[in-house]
Amino acid sequence: MTAEWADLDTAVAVFAQERRRLFGIAYRMTGSVADAEDVLQEAWIRWQHTDRSVVKEPGALLTTVVTRLCINEMQSLCPSGDLHRSLAA
């Protein structure tokens with residue numbers, strides 16, 4: 001097995017370990033199973049392209065990525081300025 005594949009195996013294992021928690025965050029933020037799955041798919045793609053050798057806390061990084069992707073998703077659904085009002089309600 002090459003180092004590249006071993007690294008990918010590790011990436012898969014880390015993501016799989018965090019997936020349930022990440023899905024919970026995404027679902028609570030988006031309110032939709034489909035949107036949460038889309039966010040996780042995008043997070044996985046970004047995780048694959050991340051230089052994981054410099055990541056000290058993979059769970060923290062993945063949480064940040066998922067949270068920011070959810071915020072981006074919510075901003076794209078709300079007209080400018082309405083997101084802050086809907087989050088405060």
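This chain uses plain numbering: 1 for the first residue, then up along the sequence.
In this structure Glu37 satisfies the side chain to side chain contact (heavy atoms under 4.5 Å, CB included) test together with Arg19, Phe23, Val33, sequence neighbours excluded. Residues passing the salt bridge (charged side-chain N to carboxylate O under 4.0 Å, His left out) test with Glu18, sequence neighbours excluded: Arg21.
A distance of 5.0 Å separates CG of Leu22 from OG1 of Thr63, quoted to the nearest 0.5 Å. Annotation: the span from Arg46 atom CZ to Arg68 atom CZ amounts to 10.5 Å, rounded to 0.5 Å. Separation of atoms CD1 (Ile25) and OG1 (Thr30) is listed at 11.5 Å; rounding is to 0.5 Å. Note that CG of Leu40 is 9.0 Å distant from CG of Leu62, once rounded to the nearest 0.5 Å.
A pairwise comparison of heavy atoms in His49 and Arg52 identifies N-NH1, 4.5 Å as the closest pair. Closest non-hydrogen pair, Ala26 versus Cys70, comes out as CA-SG, 3.6 Å. Summarising the geometry of Leu69 relative to Val39, their closest heavy-atom pair is CD1-O, 3.7 Å, with the distance given to 0.1 Å. Contact detail for Val12 and Trp44: the closest heavy-atom pair is CG2-CH2, 3.5 Å.
Residues Met29 and Val66 form no side-chain contact, since every pair of their non-hydrogen atoms from C-beta on lies 4.5 Å or further apart. Between Val65 and Trp47 the shortest side-chain heavy-atom distance does not fall below 4.5 Å. Taking the side chain as every heavy atom from C-beta outward, Leu61 and Glu57 never approach each other to under 4.5 Å. Side-chain atoms of Leu8 and Gln48, non-hydrogen and from C-beta on, do get closer than 4.5 Å to each other.
Open room surrounds CD on Gln41; 12 or fewer heavy atoms of other groups in view lie less than 6.0 Å from it.
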